[in-house]
> 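Structure in structure tokens, see below.
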Number of protein chains: 2
Amino acid sequence: MKIGQLAKNVDIDIQTLRYYESQGLLNEPNRLENGYRDYPIESIQRLQFIKKAKLVGFTLKEIKELLAIQVTKDEHTCQEVKNFTQVKLDEINQKINELSEIKSALQKIHTSCCGGNETAAHCSILQALEN
Amino acid sequence: MKIGQLAKNVDIDIQTLRYYESQGLLNEPNRLENGYRDYPIESIQRLQFIKKAKLVGFTLKEIKELLAIQVTKDEHTCQEVKNFTQVKLDEINQKINELSEIKSALQKIHTSCCGGNETAAHCSILQALEN
DNA sequence: TTTGACTCTATAGTATACTTTAGGGTTTAA
DNA sequence: TTAAACCCTAAAGTATACTATAGAGTCAAA
């Protein structure tokens, strides 16, 4: 798959794909005879993961680490991987908790603060977070 | 409360606090006679919210919008607030879904891939996301 | 065969969110 | 009273993550 096709598939700019390659998030793909990049189909899944991880606040560096998780005899032991995934799981649980708090505050505003037609009550997210 | 004390309380750099003020995330506080900033206690809550929202991938601009939610006769109608909170709720639900996916992939790696002592199975996050 | 759409590299520019520096005044404890 | 610790503004610098530009080659259809 050429770069323009991949870009369309995952809705990411062509330059951004080349940038991700330069940053090591995307393996260097094979090249066609003319020098054009030729991506395997798996690139789509990889980029969709990158998009998801970015959305929830992971940096490219962190995403690179997540993508690098592997248990191989030579590179990473099970214990190393277990330690790393535990740290990341803790981070993710924290993120989910923060999101849940913000969510319930927004929900409170959405349902109760704007109950009537003419409610002029001040209703801020900080107030909604209280109690 | 002076800026240094506030900075310690919320574990945010002094310069960052002044930067947030310049960006409109923090109201300009009263000044002491000597010109020093004098923050009300509520600033702590506000900054803790900013930290949480940042952690889960909201930009400062978005956080500013969340903090600006208010139902007042003159500025925002209930309908406007309802529309805005709905959009943000959708975004947050999406973020929670993405996080849940990443979480279960990590959990799968954490529990099953590293089951034995000598498992040399390749176990990547992308593989864990499949099926 | 030429023109429009595609690709390439290399490099410069931009937006966001800080972070540091420069140069100064203020407070407080020894 | 002086030195460390604090505060001020203004402006420059940095890291991250793109985004655009320049200048070139490739390909497919009219």
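Below, all heavy atoms of this structure are taken into account, side chains as well, without hydrogens, waters or symmetry copies.
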> Given a cutoff of under 4.5 Å between side-chain heavy atoms of I, L, V, M, F, W and Y, with clusters grown through shared members, what are the other residues clustered with B:Tyr36?
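In the cluster with B:Tyr36 are B:Leu32.
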> So, using salt bridge (Lys or Arg N to Asp or Glu O under 4.0 Å) as the criterion, who are the partners of B:Glu101 when residues are at least two apart?
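Applying salt bridge (Lys or Arg N to Asp or Glu O under 4.0 Å) to B:Glu101 gives A:Lys52.
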> On DNA chain D, reading 5' to 3', which nucleotide is the first and which the last to sit with an atom under 4.0 Å from a heavy atom of chain A, could you check?
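Range of nucleotides within reach of chain A: D:dA17 to D:dC27.
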> Under the side-chain hydrogen bond (donor to acceptor under 3.5 Å, both in side chains) rule, collect the residues that match up with B:Gln107, sequence neighbours excluded.
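side-chain hydrogen bond (donor to acceptor under 3.5 Å, both in side chains) check on B:Gln107 returns nothing, list empty.
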> Among all residues two or more places apart in sequence or in another chain, which pass the side-chain hydrogen bond (donor to acceptor under 3.5 Å, both in side chains) test with B:Arg37?
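If we apply the side-chain hydrogen bond (donor to acceptor under 3.5 Å, both in side chains) test to B:Arg37, skipping adjacent residues, the hits are B:Glu21.
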> Under 4.5 Å side-chain heavy-atom separation, chaining through any Ile, Leu, Val, Met, Phe, Trp or Tyr, what else clusters with B:Leu55? Say none if it is isolated.
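Listed partners: none, B:Leu55 stands alone.
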> I'd like to check the side-chain hydrogen bond (donor to acceptor under 3.5 Å, both in side chains) partners of A:Lys64; sequence neighbours left out, ordered by chain and number.
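None.
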> Rounded to the nearest 0.5 Å, how far does CD1 of B:Ile109 lie from CD1 of B:Ile125?
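Those atoms lie 5.0 Å apart.
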> Name the atoms and distances for all side-chain donor-acceptor pairs under 3.5 Å in residues 11-20 of chain B, with sequence neighbours left out.
{"from": "B:Asp13", "atom 1": "OD1", "to": "B:Gln15", "atom 2": "N", "distance (Å)": "3.2"}
{"from": "B:Gln15", "atom 1": "OE1", "to": "B:Arg18", "atom 2": "NH2", "distance (Å)": "3.3"}

> Mind checking what makes side-chain hydrogen bond (donor to acceptor under 3.5 Å, both in side chains) contact with B:Asp38, not counting sequence neighbours?
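With neighbours one apart ignored, the set is empty.
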> Under 4.0 Å, heavy atom to any atom of DNA chain C: which of residues 6-35 of chain A qualify?
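Under 4.0 Å from DNA chain C: A:Ile14, A:Arg18, A:Arg31, A:Gly35.
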> Sequence neighbours excluded, which residues qualify as side chain to side chain contact (heavy atoms under 4.5 Å, CB included) partners of A:Lys88?
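Partners of A:Lys88 by the side chain to side chain contact (heavy atoms under 4.5 Å, CB included) criterion, ordered by chain and then number, come out as A:Phe58, A:Glu62, A:Glu65, A:Leu66, A:Phe84, A:Glu91, B:Leu106.
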> For DNA chain C, which residues of residues 36-69 of chain A approach it to below 4.0 angstrom with any heavy atom?
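Those residues whose heavy atoms fall under 4.0 Å from DNA chain C, taken from residues 36-69 of chain A in numerical order, are A:Tyr36, A:Arg37.
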